[in-house]
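Report on the following structure.
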Amino acid sequence: MREIQAPKGVSEYFPPRSQYFEFVRETLITAAKVSGYQLIELPVFEDTDLFKRGVGESTDVVSKEMYTFEDRGGRSITLRPEGTAGVMRSVIENNLDKLTLPIKVWYSGAFFRAERPQAGRYRQFYQVGIEAIGLNDPEIDFEVIAVADRAFKALGLNSYRLDITSLGDSASRASHRKDLLIFLDSLNLDEATKARAAINPLRLFDDKREDIQKAMAKAPLLLDYLSPESADNFARVQELLTNAGIAFTINPRMVRGLDYYTGTTFEFVSDKLGAQSGIGGGGRYDGLMAELGGNDLSGIGFGLGVDRILLACEAEGLFDSTEVKSELELFVIALSAEQKSYVSNLVNDLRNQGINCDMAYGDRALKGSMKSADKSGARFSVVIGSDEIDSGNVALKDMKTGSIKEVRISALSVEVKAN
RNA sequence: GUGGUCGUAGCUCAGCUGGUAGAGCACUCGGUUGUGGUCCGAGAUGUCGCGGGUUCGAGCCCCGUCGAUCACCCCA
């Protein structure tokens with residue numbers, strides 16, 4: 001019989017590395033919370049049409065990377081490939097846009113794309129994202145970018161950069177597109193490249209081949225076609241970033257893969273990763289809500305890739321410490337089998353009193369039990385034999401210093417909490 | 001989806017021109033009666049990713065397959 005293995009391309013986090021995954025995710029979430037974002041928890045599967053209309057049928061994500069299936073009621077269901085569309089759907093459906101604006105929410109969870117796996121590119125991946133909806137104001141563009149940057153700095157990341165650009169409003173994009181298509185027509189492109197250009201001509205800007213790069217050097221840039229308002233907005237965002245000391249690079253050749261982006265658009269890129277180096281990105285989306293049948297509100301948000309950020313942190317050596325991170329405060333050991341049930345009861349009582357504790361299981365010799373105590377990462381340990389039960393006194397051992405303190409068993413919880 | 005590389009104990013890997021497997025770390029036990037992290041000793045562990053083929057004989061060769069990885073593509 002064949003051994004069952006995990007589906008292709010999924011990432012799994014288990015001890016001890018899971019603690020770092022958790023730390024990264026919680027740090028990202030904290031950055032959102034402290035800026036006034038509130039949790040929105042959504043289904044991981046949605047009506048397929050939500051993504052077709054929201055993300056855009058011409059995108060690679062929708063056209064060839066979605067996990068789509070028919071449910072038992074004959075509905076077409078898709079595992080969410082990104083977070084923004086679902087948030088919009090929920091905002092519209094639950095009338096959140098009728099309340100005070102802007103709506104500021106954060107989310108965290110798994111997303112799915114059927115791509116060829118690679119380090120940092122998984123078929124089930126994790127994102128933390130925020131959305132600020134209902135306000136088209138450079139201040140909030142700045143805020144969103146600053147939340148991400150603060151999160152990265154809180155993690156201790158150094159080797160990353162922020163690329164920003166503006167995709168302008170629809171008029172800006174239309175006039176640029178016209179000129180760009182004329183320009184591309186003048187190039188001698190192969191069929192595959194032509195096909196890519198037909199779907200989204202901007203794609204050619206980040207083609208990695210040298211000859212294409214060279215040819216595109218003379219291509220008209222969207223930034224030069226911005227309407228006065230778009231240009232003003234973009235200038236203001238830059239000013240705010242500069243004042244806040246957030247370094248950025250204007251990258252007019254940046255391309256985003258989802259159709260809904262407009263205006264301010266940004267990407268965080270780690271230079272410690274390989275080809276999958278984008279650790280987060282986002283931007284403004286003007287027409288998305290209206291497209292999905294809601295009010296015509298603008299919004300801006302980002303998605304941060306937890307898997308990749310974890311890889312980046314590891315690549316920067318932020319988690320090199322061999323120290324065990326543990327929530328445990330106390331580890332209790334029964335000297336012999338006779339004290340097992342006593343210890344079991346004691347640990348249960350201590351847990352009821354809010355002490356994080358664990359005990360030695362099985363019939364190991366004291367030496368083995370002490371090893372377990374050591375590995376558990378608990379701050380204190382206690383050995384209980386018949387003497388301790390008779391006298392009611394135990395030797396509370398500090399596992400770091402090795403020092404021992406005589407304590408009443410009844411005072412264990414107080415003593416542990418005090419230290 | 002396209003192309004390249006790789007797949008041996010829990011982990012990192014070694015295995016000479018084909019003769020049915022080893023190291024380090026980790027793990028378990030012990031170093032005389034009740035205290036871990038150092039040191040010393042002993043021990044357990046693998047259908048050599050899976051399936052087929054060539055061969056007297058394959059971890060080493062061939063084909064397929066699954067998976068990982070690198071680049072393209074795409075993006076978090």
Side-chain angles (χ1 to χ4, degrees), chain A residues 1-11 14 16-17 24 28 55 59-65 81-84 108-129 148 192-193 195-196 199-200 203 206-209 212 254-258 267-270 273-282 302-312 322-324 331-336 339 360 362-378 380-388 394-402 404:
Chain A
M1 199 174 72
R2 186 181 123 254
E3 194 182 337
I4 296 175
Q5 44 185 13
K8 183 185 177 108
V10 300
S11 57
F14 41 84
R17 193 156 89 111
V24 168
L28 300 178
V55 179
T59 61
D60 279 27
V61 168
V62 170
S63 65
K64 46 194 194 201
E65 295 172 1
E82 59 93 54
T84 304
S108 165
F111 295 85
F112 308 86
R113 282 171 2 198
E115 299 180 272
R116 177 110 166 218
Q118 213 173 312
R121 182 165 77 182
Y122 307 110
R123 293 184 165 192
Q124 171 172 329
F125 58 99
Y126 297 85
Q127 269 188 242
V128 168
T193 311
R196 285 209 297 136
I199 293 165
N200 181 357
R203 281 280 161 72
D206 71 347
D207 195 302
K208 302 216 169 95
R209 288 170 298 183
I212 303 285
M254 184 173 89
V255 183
R256 306 247 68 222
L258 314 181
E267 220 166 63
F268 288 89
V269 182
S270 167
L273 302 180
Q276 309 306 321
S277 57
I279 54 177
F302 65 59
L304 307 180
V306 182
D307 311 83
R308 290 183 185 176
I309 294 167
L310 172 59
L311 289 171
T322 48
E323 195 181 333
V324 205
F331 195 92
V332 186
I333 296 165
L335 186 60
S336 65
Q339 292 89 37
D363 293 313
R364 310 185 71 188
L366 182 56
K367 179 167 177 163
S369 295
M370 281 306 294
K371 266 189 153 176
S372 302
D374 188 36
K375 292 218 183 73
S376 77
F380 294 101
S381 72
V382 137
V383 176
I384 292 185
S386 51
D387 292 356
E388 282 76 6
V394 290
L396 183 64
K397 179 166 186 174
D398 183 313
M399 294 299 280
K400 274 228 177 71
T401 64
I404 280 171

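Residue numbers start from 1 in every chain, and the chains themselves are labelled A, B, ... in the order their sequence lines are given, proteins ahead of strands. Predicted, not measured: the structure shown is a model, and the values here were computed from it.
Nucleotides B:U55 and B:C63 place their C1' atoms 16 Å apart, quoted to the nearest Å. Spacing between B:U45 and B:G51 at atom P, rounded to whole Å, works out to 22 Å. Separation of the P atoms belonging to B:G36 and B:G24 is 25 Å when rounded to the nearest angstrom. Separation of the C1' atoms belonging to B:C62 and B:C73 is 32 Å when rounded to the nearest angstrom. For B:A68 and B:C11, the P atoms lie 16 Å apart once the distance is rounded to whole Å. Here, B:A23 and B:G46 have their C1' atoms 15 Å apart, quoted to the whole Å. The same atom, C1', is picked in B:U38 and in B:A44; the two are 24 Å apart, to the nearest Å.
For B:G36, the base has a donor-acceptor partner in the side chain of A:Lys397 [N/O atoms by modelled type, under 3.5 angstrom]. For a distance-only test at 3.5 Å, the side chain of A:Asp374 qualifies as a donor-acceptor partner of the base of B:G36. The base of B:C75 lies close enough to the side chain of A:Arg308 for a donor and an acceptor atom to sit less than 3.5 Å apart.
Residues passing the ring pair (Phe, Tyr, Trp, His ring centres under 6.0 Å) test with A:Tyr126, sequence neighbours excluded: A:Phe21. Residues satisfying the salt bridge (Lys or Arg N to Asp or Glu O under 4.0 Å) criterion with A:Asp307, sequence neighbours excluded, are absent altogether.
The side chain of A:Asp60 lies closest to B:C74, out of B:A76, B:U69, B:C74. Minimum atom distance to the side chain of A:Leu366 is reached by B:G34, of the listed B:G30, B:G34, B:C73. The side chain of A:Ala275 approaches B:C72 more closely than any other nucleotide in the set B:C72, B:G67, B:A76.
Both key distances under 3.5 Å define a Watson-Crick or G-U pair, and stretches of 3 or more such consecutive pairs in RNA chain B run B:1-7 with B:66-72, B:10-13 with B:22-25, B:27-31 with B:39-43, B:49-53 with B:61-65.
For B:C74, the OP1/OP2 oxygens have a side-chain nitrogen or oxygen of A:Arg203 closer than 4.0 Å. Residue A:Arg364 places at least one side-chain N or O closer than 4.0 Å to OP1 or OP2 of B:C29. In this structure, A:Lys375 reaches the B:C27 phosphate: one of its side-chain N or O atoms is under 4.0 Å from OP1 or OP2.
Within the 3.5 Å criterion, the main-chain N or O of A:Ser369 finds no donor-acceptor partner in the side chain of A:Arg364.
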Mind listing the N/O atom pairs, protein and nucleotides 10-12 of chain B, below 3.5 Å?
none

Tabulate atom names and distances for all N/O pairs under 3.5 angstrom spanning the protein and nucleotides 39-45 of chain B.
none

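At the heavy-atom level, A:Ile279 lies under 4.0 Å from the strands shown only through sugar-phosphate atoms. No contact: A:Arg209 has no heavy atom under 4.0 Å from any strand. A:Asp387 comes within contact range of at least one nucleobase, with a heavy-atom separation under 4.0 Å.
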*What one-letter contact string describes nucleotides 1-8 of chain B from 5' to 3', where B marks a base within less than 4.0 Å of any protein heavy atom, S marks contact via sugar-phosphate atoms alone, and - marks no contact?*
BBB-----
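By the 5.5 Å and 30° criteria, A:Phe125 is stacked with the base of B:A76.
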